[in-house]
Chemist: 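The following block contains the structure, expressed as structure tokens.
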Amino acid sequence: MPRPSTPLLSMPRIRERALEIIDEAGLEALSMRKLAERLGVRAASLYNYVPNKDELLQDIANSVMDEVDVSGFDTDWVTGLTVWARSYRAALAEHPNLVPFLASGPARREAALRRADAVHGGLISAGWPQRYATMIGASVKYLVIGGAMGSFAGGFPADAELYEDRFPNLERAHLLPRHAAEIDSASFELALQAFVEGLRRRHAELTGETEDS
């Protein structure tokens, strides 16, 4: 038989199929055997490319973090922070089932460490003390990870009768699931805006500069 024009296996293709399984059924659904079946190869063939499932997950997480934009710090720290947070949320929103794995930290992932280095350096260069730079980076992560773990608005039952007598202050909560994506996005932006405004004031206190400088 002639060889296929496109090789059955390559790291981009392995990552793509593994991420499909995670997106469809969650982290626990991924195994080397299931991945091999989806790729149409024997499981042993995968070990020529990746030694185990954990290393594969690290590689997948690294590729997702490659989508996060930290270039805004070349402009100023506020631009850097907002661009980073929005692109971070967007990258995770594409693969919510991967979020629990990403939540633990950058580990030894090159892309995540590069971005952490850029964020920390951008904040330090703008006059933030080391401790504050660390806490700001952590705070953005909490905001993004929390938003990516699930939908707040989508978690309310769409049953108007449920709220009528027992929960009168939630009389319109049954409408939330219908507009979940819009509400969740607006809520993230509200939290990010309030966070940045608070940081502007703290930055002015620490540096002696005005908030507009």
Chemist: Working to the nearest 0.5 angstrom, can you tell me the gap between Asp66 CG and Asn62 CG?
Modeler: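 Those atoms lie 6.0 Å apart.
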Chemist: Would you check, one step at a time, whether the test side-chain hydrogen bond (donor to acceptor under 3.5 Å, both in side chains) holds for Gln193 with Glu197?
Modeler: CA-CA 6 Å; Gln193 180 183 5; Glu197 287 176 356; 3.2 Å; yes
Chemist: Evaluate the side-chain proximity of Val50 to Met32: yes if any heavy-atom separation is below 4.5 Å, no if none is.
Modeler: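 Of all side-chain heavy-atom pairs linking Val50 with Met32, at least one is under 4.5 Å.
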Chemist: Verify salt bridge (Lys or Arg N to Asp or Glu O under 4.0 Å) between Asp69 and Arg86, making sure each step is shown before the conclusion.
Modeler: CA-CA 9 Å; Asp69 185 359; Arg86 287 168 179 160; over 6 Å; no
Chemist: Verify, without hydrogens or angle tests, whether Asn97 (side chain) and Asp23 (backbone) share a donor-acceptor contact under 3.5 angstrom.
Modeler: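 Present.
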Chemist: Donor-acceptor pairs are to be reported for all side-chain atoms of residues 35-44 against protein atoms at under 3.5 Å, with residues two or more places apart or in another chain.
Modeler:
| from | atom 1 | to | atom 2 | distance (Å) |
| --- | --- | --- | --- | --- |
| Glu37 | OE2 | Arg33 | NH1 | 2.9 |
| Arg38 | NH1 | Glu20 | OE1 | 3.3 |
| Arg38 | NH1 | Glu24 | OE1 | 3.3 |
| Arg38 | NH1 | Glu24 | OE2 | 3.1 |
| Arg38 | NH2 | Glu24 | OE1 | 3.0 |

Chemist: Is there a continuous path of hydrophobic side-chain contacts, each under 4.5 Å between heavy atoms, that joins Ile21 to Leu102?
Modeler: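 Linked, Ile21 and Leu102 end up in one cluster.
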Chemist: Side chains of Phe73 and Leu123, heavy atoms from C-beta outward: is any pair under 4.5 Å?
Modeler: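 They are in side-chain contact.
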Chemist: Is it the case that one hydrophobic cluster holds both Leu81 and Met135, taking links as side-chain heavy atoms less than 4.5 Å apart, direct or via other members?
Modeler: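 Yes, because Leu81 and Met135 connect within a single hydrophobic cluster, where side-chain heavy atoms sit under 4.5 Å apart.
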Chemist: Assign the ring pair Tyr132 / Trp128 to parallel, tilted or perpendicular, where the plane angle (0 to 90°) is split at 30° and 60°.
Modeler: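 Geometry flag for Trp128 against Tyr132: tilted rings.
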Chemist: Is any side-chain heavy atom of Leu57 closer than 4.5 Å to a side-chain heavy atom of Leu27?
Modeler: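 Leu57 reaches Leu27 side chain to side chain.
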Chemist: Quick check for you: to the nearest 0.5 Å, what is the distance between His120 atom NE2 and Thr134 atom OG1?
Modeler: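 Reported to 0.5 Å precision, the distance equals 4.5 Å.
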Chemist: Taking only residues at least two apart or on different chains, which pairs with a member in residues 137-158 satisfy side-chain hydrogen bond (donor to acceptor under 3.5 Å, both in side chains)?
Modeler: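 Listed once each, the pairs are Ser151-Asp184.
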Chemist: Can you tell if the side chain of Thr82 reaches within under 4.5 Å of the side chain of Phe195, non-hydrogen atoms only?
Modeler: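 Result no, sub-4.5 Å side-chain heavy-atom pair not found.
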Chemist: Which pair of non-hydrogen atoms, one from Ala18 and one from Leu56, has the smallest distance, and what is that distance?
Modeler: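 Closest approach of Ala18 to Leu56: CB-CD2, 4.0 Å.
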Chemist: If I take atom CZ from residue Phe188 and atom CG from residue Leu143, how far apart are they, to the nearest 0.5 angstrom?
Modeler: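 Here the interatomic distance stands at 4.5 Å.
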Chemist: For Glu205, is there an ion pair with Arg201 - N to carboxylate O distance below 4.0 angstrom?
Modeler: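 Looking at Arg201 and Glu205, the cut-off is not met.
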Chemist: Taking only residues at least two apart or on different chains, which pairs with a member in residues 157-173 satisfy side-chain hydrogen bond (donor to acceptor under 3.5 Å, both in side chains)?
Modeler: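 The answer is none; no pair qualifies.
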Chemist: Calculate, to the nearest 0.5 Å, the distance between atoms CG and OG belonging to Leu92 and Ser87 respectively.
Modeler: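 Between atom CG of Leu92 and atom OG of Ser87 there are 10.0 Å.
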Chemist: Test Tyr88 against Val70 for side-chain contact (heavy atoms from CB on, under 4.5 Å), laying out the working first.
Modeler: CA-CA 9 Å; Tyr88 193 0; Val70 292; over 6 Å; no
Chemist: The test is side-chain contact (heavy atoms from CB on, under 4.5 Å); show your working for Val78 and Arg200 and say whether it passes.
Modeler: CA-CA 8 Å; Val78 173; Arg200 282 182 183 273; 3.5 Å; yes
Chemist: Is there a path of hydrophobic side-chain contacts, each under 4.5 Å between heavy atoms of I/L/V/M/F/W/Y residues, joining Val64 to Met11?
Modeler: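 Met11 clusters together with Val64.
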Chemist: Do Asn52 and Glu55 have side chains that get closer than 4.5 Å, going by heavy atoms?
Modeler: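 Yes; the side chains approach each other to less than 4.5 Å.
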Chemist: Side-chain heavy atoms under 4.5 angstrom apart, residues restricted to Ile, Leu, Val, Met, Phe, Trp, Tyr: same cluster for Leu176 and Met149?
Modeler: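 Leu176 does not cluster with Met149.
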Chemist: Should Tyr49 and Leu19 be counted in the same cluster of Ile, Leu, Val, Met, Phe, Trp and Tyr side chains packed under 4.5 Å apart?
Modeler: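 Linked within one cluster.
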Chemist: Say whether, by atom type as modelled, one donor and one acceptor occur between the side chain of Arg115 and the main chain of Val68 under 3.5 angstrom.
Modeler: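 Yes.
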Chemist: Kindly determine whether Trp77 and Ile136 satisfy side-chain contact (heavy atoms from CB on, under 4.5 Å), including the steps that lead there.
Modeler: CA-CA 11 Å; Trp77 72 267; Ile136 291 168; 5.7 Å; no
Chemist: Mind checking the CG-NZ spacing from Leu30 to Lys53? Nearest 0.5 Å is all I need.
Modeler: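 The CG atom of Leu30 sits 5.0 Å away from the NZ atom of Lys53.
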Chemist: For a 4.5 angstrom cut-off between non-hydrogen side-chain atoms, does His203 reach Thr207?
Modeler: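 Of all side-chain heavy-atom pairs linking Thr207 with His203, at least one is under 4.5 Å.
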Chemist: Check for a donor-acceptor pair, side chain of Arg89 on one end and backbone N or O of Gly147 on the other, with a separation under 3.5 Å.
Modeler: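 Here the side-chain-to-backbone pair does not exist.
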Chemist: Evaluate the side-chain proximity of His95 to Ile22: yes if any heavy-atom separation is below 4.5 Å, no if none is.
Modeler: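 SC-SC contact between Ile22 and His95 ruled out.
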Chemist: Taking all non-hydrogen atoms of both residues, which atom of Leu206 and which atom of Pro129 are closest, and how far apart?
Modeler: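 Minimum heavy-atom contact is CD1-CD, 4.0 Å.
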Chemist: Between the side chain of Ser185 and the main-chain N/O of Ala181, is any donor-acceptor distance below 3.5 Å?
Modeler: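 Judged by distance alone, no pair lies under 3.5 Å.
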Chemist: State, with a plain yes or no, whether a side-chain heavy atom of Val144 is found less than 4.5 Å away from one of Trp84.
Modeler: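 A side-chain contact is absent here, since even the closest heavy-atom pair is not under 4.5 Å.
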Chemist: Please find the pair of heavy atoms, one from Leu162 and one from Pro157, that lie closest to each other, and give the distance.
Modeler: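 Heavy atoms only, the tightest pair is CD2-CG, 3.6 Å.
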Chemist: Pair Asp74, Ser71 - check side-chain hydrogen bond (donor to acceptor under 3.5 Å, both in side chains), show working.
Modeler: CA-CA 6 Å; Asp74 293 337; Ser71 65; 5.7 Å; no
